[in-house]
Amino acid sequence: MECTVRWTGSDAGMSFVAETGSGHAVVMDGAPEAGGRNIGPRPMEMVLAGTGGCSAFDVVLILKKGRHAVSACEVRLRAERAAEDPKVFTQIHLHYRVKGKNLKPEAVIRAIELSKEKYCSASIMLGKTAEITYDFEIVDEA
């Protein structure tokens with residue numbers, strides 16, 4: 001895996017463009033009080049978003065492989081960071097909202113647990129500094 005992060009220059013404040021090895025680009029920026037212009041997410045917001053994407057991907061894939069009728073999955077993440085540098089994540093809570101037809105809570109729990117314990121590299125890595133908790137809701141598509 002590769003990624004190039006490029007500062008867009010002093011005229012742009014603290015904006016950076018990341019170009020991934022898969023050919024995608026994303027702008028990141030800092031807060032105005034840190035010299036940024038607020039034109040993109042903060043780098044740590046990207047880490048949190050990546051964790052949510054990683055876990056949601058796993059949950060959907062696991063449910064689909066188990067032939068469960070999942071039609072939507074949303075993960076809302078809330079995180080706390082250390083007060084002192086390095087300001088690592090210390091707590092992360094994931095709230096899953098999974099929609100489908102006749103989804104069983106046991107299947108959703110199993111998918112979330114497999115993601116948390118085995119498949120989601122991002123959350124497993126962040127779990128080294130943060131307490132990671134979750135809850136979920138199922139929206140039935142009856």
Side-chain angles (χ1 to χ4, degrees), residues 1-101 103-105 107-142:
M1 185 179 294
E2 295 181 8
C3 183
T4 301
V5 178
R6 186 177 310 108
W7 181 37
T8 58
S10 59
D11 291 344
M14 294 302 289
S15 299
F16 296 81
V17 174
E19 295 180 36
T20 67
S22 59
H24 300 281
V26 64
V27 173
M28 294 177 285
D29 199 4
E33 59 270 15
R37 296 185 307 152
N38 201 30
I39 61 170
R42 312 293 182 260
M44 288 300 284
E45 289 176 325
M46 295 292 295
V47 171
L48 191 62
T51 301
C54 182
S55 187
F57 183 97
D58 291 341
V59 168
V60 170
L61 188 62
I62 291 164
L63 289 171
K64 284 174 133 324
K65 281 186 174 181
R67 299 178 194 231
H68 299 280
V70 60
S71 62
C73 180
E74 173 182 291
V75 184
R76 292 187 185 174
L77 295 93
R78 195 175 58 250
E80 292 183 23
R81 294 175 67 186
E84 303 295 323
D85 289 327
K87 294 179 181 152
V88 297
F89 289 120
T90 57
Q91 293 185 323
I92 302 172
H93 182 77
L94 296 89
H95 175 77
Y96 297 84
R97 188 170 189 264
V98 185
K99 185 176 181 181
K101 197 169 192 172
L103 289 175
K104 304 281 186 263
V108 174
I109 289 170
R110 180 178 174 276
I112 293 170
E113 286 287 328
L114 281 170
S115 176
K116 182 181 177 194
E117 303 295 330
K118 185 174 182 180
Y119 295 114
C120 180
S121 305
S123 67
I124 292 167
M125 181 174 55
L126 291 175
K128 305 291 183 191
T129 64
E131 175 190 6
I132 299 179
T133 58
Y134 72 87
D135 62 5
F136 69 95
E137 63 182 289
I138 295 173
V139 178
D140 193 31
E141 247 183 9

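The structure presented is a predicted model; accordingly, all values stated were derived computationally and were not measured.
- Considering only heavy atoms from C-beta on, Pro105 comes within 4.5 Å of Phe136 through its side chain.
- Looking at Lys116, its side chain never comes within 3.5 Å of a backbone N or O of Tyr134 through a donor-acceptor pair.
- Checked by atom type and distance alone, the side chain of Arg97 never pairs as donor or acceptor with a backbone atom of Glu74 at under 3.5 Å.
- Atom CD1 of residue Ile92 and atom CZ of residue Arg81 lie 10.5 Å apart, to the nearest 0.5 angstrom.
- For the pair Asp58/Leu114, no side-chain contact is recorded, criterion being any heavy-atom separation below 4.5 Å from C-beta on.
- The heavy-atom pair separating Met28 from Ala18 by the smallest distance is CE-CB, 3.8 Å.
- Residues Thr51 and Phe89 form no side-chain contact, since every pair of their non-hydrogen atoms from C-beta on lies 4.5 Å or further apart.
- Checked against side chain to side chain contact (heavy atoms under 4.5 Å, CB included), Ser71 has the following partners two or more places apart in sequence or in another chain: Lys99, Glu141.
- Of all heavy-atom pairs between Leu63 and Ala107, the closest is CD2-O, 3.7 Å.
- To the nearest 0.5 Å, atom CD1 of residue Ile124 and atom OG of residue Ser115 are 7.5 Å apart.
- Ile138 is not listed as a side-chain neighbour of Lys104, based on a closest heavy-atom distance of 4.5 Å or more.
- Side chains of Glu137 and His95: a donor-acceptor N/O pair is present below 3.5 angstrom, by distance only.
- Residues Arg110 and Ile62 share a closest heavy-atom pair of NH1-CG2, 3.9 Å.
- Counting heavy atoms from C-beta outward, Val59 and Val75 have side chains that stay 4.5 Å or more apart.
- Legend: side chain to side chain donor-acceptor pair (under 3.5 Å) pairs involving residues 5-14, not counting sequence neighbours, sorted by first then second residue: Arg6-Glu19.
- You'll find the side chain of Ile112 reaches within 4.5 Å of the side chain of Tyr96, heavy atoms only.
- At distances below 3.5 Å, at least one donor-acceptor pair connects side-chain atoms of Asp29 with backbone N or O atoms of Ile39.
- Distance CG/Leu61 to OH/Tyr119: 9.0 Å, rounded to 0.5 Å.
- For the atom pair SG of Cys120 and CD1 of Ile132, the computed distance is 8.0 Å after rounding to the nearest 0.5 Å.
- Separation of atoms OG1 (Thr90) and CG (Leu126) is listed at 11.5 Å; rounding is to 0.5 Å.
- Counting only residues at least two apart or on different chains, the side chain to side chain donor-acceptor pair (under 3.5 Å) pairs with a member in residues 122-132 are Gln91-Glu131.
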